[in-house]
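Here the structure comes first, spelled out in structure tokens, and everything after it is commentary.
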Amino acid sequence: MKNMKKIIAIIAAIAVICAVFVACSGKKTDEKSNANSANNASVSEKADEEATGGKLVMATNAEFPPYEFHEGDSIVGIDAEIAAAIAEKLGMELQIEDVSFDSIIPGVQAKKYDMGMAGMTVNEDRLKDVDFSDSYATGVQVVIVKEGSDIATVDDVAGKKIGVQTSTTGDIYATDDFGDENITRYDNGAVAVQALISGKVDCVIIDNEPAKSYVAANEGLKILDTEYVEEQYAICFNKENTELKDKVNGALKELIADGTVQKIVDKYINAD
Ligand code: GLN
């Protein structure tokens with residue numbers, strides 16, 4: 001009888017130990033699998049799964065007012081607001097990454113970002129590397145000069161020192177038309193405009209809306225009446241991520257049709 005009790009006690013003890021062990025190892029397994037899935041999520045092809053919800057990582061270069069610029073700690077502007085409206089429609093959380101303009105397309109190709117939105121012009125070369133959404137805005141390349149400059153039309157730019165933002169269409173066209181030796185490349189439009197003010201270059205070729213804001217912010221500059229090139233802005237995607245591109249196009253179509261895009265543009269451009 002005594003022995004029997006002992007045996008029962010031992011069995012009970014073993015059972016408790018087993019139960020605790022199973023519970024603990026179960027927990028461990030859960031934690032491990034959670035950690036694994038988190039790891040997998042970060043290394044997996046983010047862009048593909050994010051088309052089904054979750055985060056929408058947008059790369060931009062927030063030195064391009066009024067499309068994207070810093071206001072306090074936030075990045076605001078036409079692109080930022082259109083992207084937010086798109087993300088909302090798709091039930092996704094927008095995350096904006098501020099990077100140099102020339103690293104947007106490589107980052108989208110590497111699936112570091114889900115999309116690039118930066119007043120980015122659709123052109124043949126870029127179409128080889130990425131896909132573009134439908135266009136949501138028109139841009140025009142213009143020439144900024146100092147007031148009193150002897151450059152009166154685009155033709156007068158020939159032989160002058162030209163400032164551009166690296167890798168932009170302004171850079172590409174000006175290099176083609178006026179020769180690499182006449183081009184000085186800057187990280188962003190604001191720096192190029194400072195170079196114009198200090199006399200390092202004779203003009204700056206850049207998109208019309210940023211040009212307007214630079215001219216408004218600095219005395220003694222003007223934009224030539226003659227326009228250089230007209231182009232279309234669109235959002236770029238990894239070529240493999242047609243699912244996200246299609247969803248964004250669907251959202252964009254609705255936002256254009258219901259006047260949201262126009263409202264955002266008016267807020268930043270036409271209001272004044
Ligand atoms: N529209 C120009 C381009 O795509 C400039 C864009 C920009 O500087 N953000 O090259």
Side-chain angles (χ1 to χ4, degrees), residues 57-71 75-83 96-109 113 115-144 154 157 162-178 180 183-196 201 203-217 223-224 227-238 245 252 261 264-265 268-269:
V57 183
M58 158 186 158
T60 196
N61 174 238
E63 310 286 345
F64 198 68
Y67 288 92
E68 41 268 327
F69 56 101
H70 291 273
E71 201 174 77
I75 292 169
V76 297
I78 295 170
D79 287 346
E81 288 205 26
I82 293 176
I96 301 180
E97 299 282 339
D98 185 18
V99 301
S100 68
F101 184 76
D102 58 354
S103 64
I104 297 174
I105 288 180
V108 167
Q109 286 183 288
Y113 319 118
M115 63 184 207
M117 190 172 189
M120 189 180 281
T121 303
V122 182
N123 76 10
E124 289 297 313
D125 271 346
R126 292 173 184 168
L127 278 166
K128 288 179 199 149
D129 297 330
V130 286
D131 278 351
F132 279 96
S133 70
D134 298 334
S135 174
Y136 63 90
T138 300
V140 183
Q141 294 295 316
V142 295
V143 184
I144 309 176
V154 173
V157 171
I162 306 162
V164 296
Q165 180 183 354
T166 309
S167 295
T168 59
T169 44
D171 179 4
I172 297 162
Y173 306 139
T175 304
D176 272 2
D177 290 345
F178 303 113
D180 191 53
I183 309 293
T184 309
R185 298 181 176 86
Y186 298 95
D187 279 350
N188 59 62
V191 187
V193 166
Q194 286 313 312
L196 171 62
V201 294
C203 64
V204 168
I205 294 182
I206 195 164
D207 303 48
N208 57 337
E209 290 304 332
K212 280 191 219 162
S213 55
Y214 293 133
V215 168
I223 299 171
L224 294 189
E227 294 175 343
Y228 185 27
V229 184
E230 189 177 306
E231 40 189 30
Q232 292 302 314
Y233 292 167
I235 307 167
C236 71
F237 298 91
N238 187 289
K245 184 189 74 183
L252 196 54
V261 167
I264 294 169
V265 170
Y268 286 95
I269 294 182

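Atoms within a ligand are numbered from 1 in the order they appear, just like the ligands themselves. Computed from a prediction, not measured in an experiment: that's the story for all the values here.
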(request) Please name the pair of heavy atoms, one in A234 and one in F132, separated by the smallest distance, quoted to 0.1 Å. (result) CB-CD2, 3.8 Å
(message) With no hydrogens and no angle check, just 3.5 Å: does a side-chain donor-acceptor pair link T169 and R126?
(response) no
(request) Return the residue, atom name and 0.1 Å-rounded distance of the protein heavy atom closest to atom 8 (O) of ligand 1. (result) Q165 OE1, 2.9 Å
(message) Ignoring hydrogens and geometry beyond distance, is a side-chain donor-acceptor pair present between Y67 and D207 at under 3.5 Å?
(response) no
(request) Would you mind running through ligand 1 and noting each atom that sits below 4.0 Å from a heavy atom of T169? (result) 1 (N), 2 (C), 3 (C), 10 (O)
(request) Say whether D207 and ligand 1 are in contact under the criterion: heavy-atom distance to a ligand atom below 4.0 Å. (result) yes
(request) Would you please determine whether E68 falls within less than 4.0 Å of ligand 1 on a heavy-atom basis? (result) no
(request) Measure the distances from the heavy atoms of G119 to every atom of ligand 1 and state whether one is below 4.0 angstrom. (result) yes
(request) Return yes when Y233 approaches ligand 1 closer than 4.0 angstrom through a heavy atom, no otherwise. (result) yes
(request) Identify whether the distance between the nearest side-chain nitrogen and carboxylate oxygen of D125 and K128 falls below 4.0 Å. (result) yes
(request) Scan side-chain atoms only and decide if Q194 and Y186 contain a donor-acceptor pair under the 3.5 Å cut-off. (result) no
(message) Taking side chain to side chain donor-acceptor pair (under 3.5 Å) as the criterion, tell me which of T166, D180, T168 meets it with R185.
(response) D180
(request) Report the member of M117, Q141, R126, E209 with the shortest heavy-atom distance to atom 3 (C) of ligand 1. (result) R126
(request) Mark up the atoms of ligand 1 that fall under 4.0 Å of a heavy atom belonging to E231, in ascending order. (result) 1 (N)
(message) Just to confirm my output: which protein heavy-atom neighbour is closest to atom 7 (C) of ligand 1, and how far is it?
(response) F64 CE1, 3.3 Å
(message) Do Y233 and E209 pair up side chain to side chain, a donor and an acceptor below 3.5 Å, judged on atom types alone?
(response) no
(request) Report the nearest protein non-hydrogen atom to atom 9 (N) of ligand 1: residue, atom name, distance rounded to 0.1 Å. (result) A118 O, 2.7 Å
(request) Ignoring hydrogens and angles, state whether a donor on the side chain of D102 or S100 is under 3.5 Å from an acceptor on the partner side chain. (result) yes
(request) Within a distance under 4.0 Å of any heavy atom of M120, pick out the atoms of ligand 1 and give their elements. (result) 4 (O)
